Asks: 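Submitted below is the structure of interest, expressed as structure tokens.
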Amino acid sequence: MEGTNIKKTKYPLGFYACCLTYTFERFAFYGSKPLLVLFLITAITKGGLEVNAAQAAIIATNFTAFTYIAPVIGGWICDKILGARYAVSIGCLMMGIGYFFGWKATSVASINLMIIVVSIGTGLFKGNLAGIIGRLFDDPKLLDTAFSVQYSFVNIGAMLGSAIMGAVYMGAFKQGQVLGFRQVFLVCGILVIIGGVFFTLCYGLLQGQGKKPFKYLTDVNGNVLGVEEKDGDSKDDTSAPLTKLEKNRVIAIVFISFVSIIFWLFYEQQSVALTIYMDKYVNMKLLGITFSPAHVSTTWNGLLCVFLSLGAAKLWATLAKRPQGDLTMFQKVTMSFVFLGLSYLILTFMEITRGVGAPESSKIGVIWLFAFGFVLTLGEICFSPLGNSFVSKYAPKKYLSLLLGVWLFATFVANILSGYVQGYIDKLGIMGVFITFTIVSFVTAIVMFILSKPLNKLMGDDGDN
């Protein structure tokens, strides 16, 4: 960030303020998400809404999907109109209000209203907070490490939210036979609003970033650089057409976002098809403990991400010190698809061990699913946190929030498509899908490996990350 004075510490205090704000938001989201479908299908006498399973699945999918498409709109608002810091604060308030609708829900219409309001709030929150983090560092080589640390904070919230709320809804919040779904939504709403208040109180730590739309380059006081503000008819270059290099970088960002659809489509099966598989074919007891599908996927994944994100941050920082520098984004994406393929290879051997097509009476140990989750999370760590870093480095500044939204939009598409995978499982069988996902993952890794150097030249780096 030329002309600013932000390189005082490797990790500014504002960076940690942003990370903790993510922790509050993710606690609320993952505290609610795994329980939403259960709230919908549970009998009214037990505290649910007694909705049929097919309708409940669609509604629960929408809750995830629309929180990933909304940032595209929120990004446009911040690129054109509103400073990101204000959008994040407003977004936290709206998400809190949305969860309160869940607290008082008596019908599907109330839940849909919750999804709409939470999604709008997420649209103002998610990509724009990532954009602020990206602007806190003037050395782009620090971003991969910084966003890996940020991802650890994200997953602390996800892990604690799913673990704690998953326990208290059938424990401390339970009243007789009535499960405590509503109290979960209430707590999540309060926490995300607390996160917003905390972030607002930390405006002074953001070094002037997010005070203006991202199309402007600002100093530590939030003043626009390169513009004589006293001259009313002076102009900056925010309306100038994109250069050839900037257009190439936009193309690369869109391409990587498209590739990420494949990754997230396969990734999301741990909470869709694999949940059904676990319910039928897996012995969920291990060392005397009975695990739920949510603990095997969401909580286990969150716990792994906390530690693996920090390990990845250390790895990227170490690699960056080499003469040839860190691995490029495209090389890291290649690695993520290798791990993705290996994870589904584990599932393939799991089904072979259980007996392909064997009846429900033939169950496999849950340890296979924990192994799958570990390898899958390694792929996630190579991919997900670095997407925000990649976009923050290379997006033209006037389209930063919008392109961060495009990155998140890919996850929306993957979530919408994930519901159709079960239909293919019914036709091909679970083994056919495991093998298909394994092959597609490895083929994608090979394609990315071949395209890595050409794509890096397209970015104008020519091998330098």
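This structure is a prediction, so every number in the text was calculated from the model and none was measured. Counting from 1, the numbers follow the sequence of the chain as shown.
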Asks: Do F434 and M350 have side chains that approach each other closer than 4.5 Å (heavy atoms only, starting at C-beta)?
Replies: yes
Asks: I need the F337 CZ to S343 OG distance, nearest 0.5 Å.
Replies: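 It is 11.0 Å, given to the nearest 0.5 Å.
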Asks: Assess whether atom CH2 of W368 is packed by more than 12 heavy atoms of other residues, nucleotides or ligands within 6.0 Å.
Replies: yes
Asks: For F266, does its backbone N or O pair with a side-chain atom of Y344 as donor and acceptor, under 3.5 Å?
Replies: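 Looks like yes, one N/O pair under 3.5 Å.
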Asks: Heavy atoms only: give me the nearest L265-A414 pair and the separation to one decimal.
Replies: N-CB, 3.5 Å
Asks: Applying side-chain contact (heavy atoms from CB on, under 4.5 Å) to F330 and I256, what does each step give before you reach the verdict?
Replies: CA-CA 8 Å; F330 308 110; I256 285 294; 3.7 Å; yes
Asks: Indicate yes or no for a side-chain donor-acceptor contact from S260 to the backbone of S257 under 3.5 Å, with no hydrogens or angles considered.
Replies: yes
Asks: Got a second to check how far I116's CD1 is from N62's CG, nearest 0.5 Å?
Replies: 10.0 Å
Asks: Establish, from distance only, whether the side-chain atoms of N301 and Y30 form a donor-acceptor pair under 3.5 Å.
Replies: no
Asks: Does a side-chain heavy-atom distance below 4.5 Å link M431 with T348?
Replies: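 A side-chain contact under 4.5 Å exists here.
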Asks: For F258, does the CZ atom sit with more than 12 other heavy atoms under 6.0 Å from it, leaving out its own atoms?
Replies: no
Asks: Do L129 and E25 have side chains that get closer than 4.5 Å, going by heavy atoms?
Replies: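 With C-beta onward as the side chain, the pair stays apart.
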Asks: Looking at A158, is its backbone amide N or carbonyl O close enough to the side chain of S162 to form a donor-acceptor pair, meaning the two atoms are under 3.5 Å apart?
Replies: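 Between the backbone of A158 and the side chain of S162 there is a qualifying donor-acceptor contact (under 3.5 Å).
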Asks: side-chain contact (heavy atoms from CB on, under 4.5 Å) for F181 and L49? Distances and angles first, verdict last.
Replies: CA-CA 10 Å; F181 296 111; L49 295 182; over 6 Å; no
Asks: Quick one: does any side-chain atom of S362 pair with a main-chain N or O of R354 as donor and acceptor, under 3.5 Å?
Replies: yes
Asks: Which heavy atom of F374 sits nearest to which heavy atom of L308, and what is that distance?
Replies: CE1-CD1, 4.4 Å
Asks: Determine the minimum heavy-atom distance between G102 and M114, stating which atoms define it.
Replies: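 Of all heavy-atom pairs spanning G102 and M114, the closest is CA-SD, 3.6 Å.
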Asks: Can you check whether L186 reaches I190 side chain to side chain, under 4.5 Å on heavy atoms?
Replies: yes
Asks: I'd like to check F198 versus T23 (side-chain heavy atoms, cut-off strictly below 4.5 Å). Are they in contact?
Replies: no
Asks: If you take all heavy atoms of G365 and V282, which pair is closest and at what distance?
Replies: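 For G365 versus V282, the nearest heavy atoms are C-CG1, 4.1 Å.
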Asks: Taking C-beta and beyond as the side chain, do M95 and F125 meet within less than 4.5 Å on heavy atoms?
Replies: yes
Asks: side-chain contact (heavy atoms from CB on, under 4.5 Å), that's the test. Do L303 and T299 meet it? Break it down for me.
Replies: CA-CA 6 Å; L303 178 63; T299 304; 5.6 Å; no
Asks: Should the pair W264 and Y267 be assigned to parallel (<30°), tilted (30 to 60°) or perpendicular (>60°) ring geometry?
Replies: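 Rings of W264 and Y267: perpendicular, as their planes differ by over 60°.
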Asks: If every non-hydrogen atom of G96 is compared with every non-hydrogen atom of I193, which pair is closest and at what distance?
Replies: CA-CG1, 3.8 Å
Asks: Can you confirm whether F100 is buried at CZ, in the sense that more than 12 heavy atoms of other residues, nucleotides or ligands lie under 6.0 Å from that atom?
Replies: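 Count over threshold, so yes.
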Asks: Mind checking the CD-SG spacing from Q183 to C188? Nearest 0.5 Å is all I need.
Replies: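 Nearest 0.5 Å value for the CD-SG distance: 11.5 Å.
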Asks: What is the distance from atom OH of Y169 to atom CZ of F185, rounded to the nearest 0.5 Å?
Replies: 11.5 Å
Asks: Which atoms form the tightest heavy-atom contact between I450 and P454, and what is the distance?
Replies: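 Closest heavy-atom pair between I450 and P454: O-CD, 3.6 Å.
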Asks: Any side-chain heavy atom of V433 sitting closer than 4.5 Å to one from F437?
Replies: yes
Asks: Take the angle between the ring planes of F412 and F66 and call it parallel below 30°, perpendicular above 60°, tilted in between.
Replies: tilted
Asks: Is there a donor-acceptor pair closer than 3.5 Å between any side-chain N or O of Y99 and the backbone N or O of V184?
Replies: no
Asks: How many angstroms lie between atom OG1 of T444 and atom CG of L451, to the nearest 0.5 angstrom?
Replies: 11.0 Å
Asks: What pairs with A105 under side-chain contact (heavy atoms from CB on, under 4.5 Å), at least two apart in sequence or on another chain?
Replies: F39, S110, I111, R182
Asks: Quick one, F24 and V192 - any side-chain contact, counting heavy atoms below 4.5 Å?
Replies: no
Asks: So how far is it from F173 CZ to M165 CE, rounded to the nearest 0.5 Å?
Replies: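 The distance works out to 5.0 Å.
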Asks: Going through the checks in order, is the side-chain contact (heavy atoms from CB on, under 4.5 Å) test met by L40 and L36?
Replies: CA-CA 6 Å; L40 290 166; L36 178 57; 4.2 Å; yes
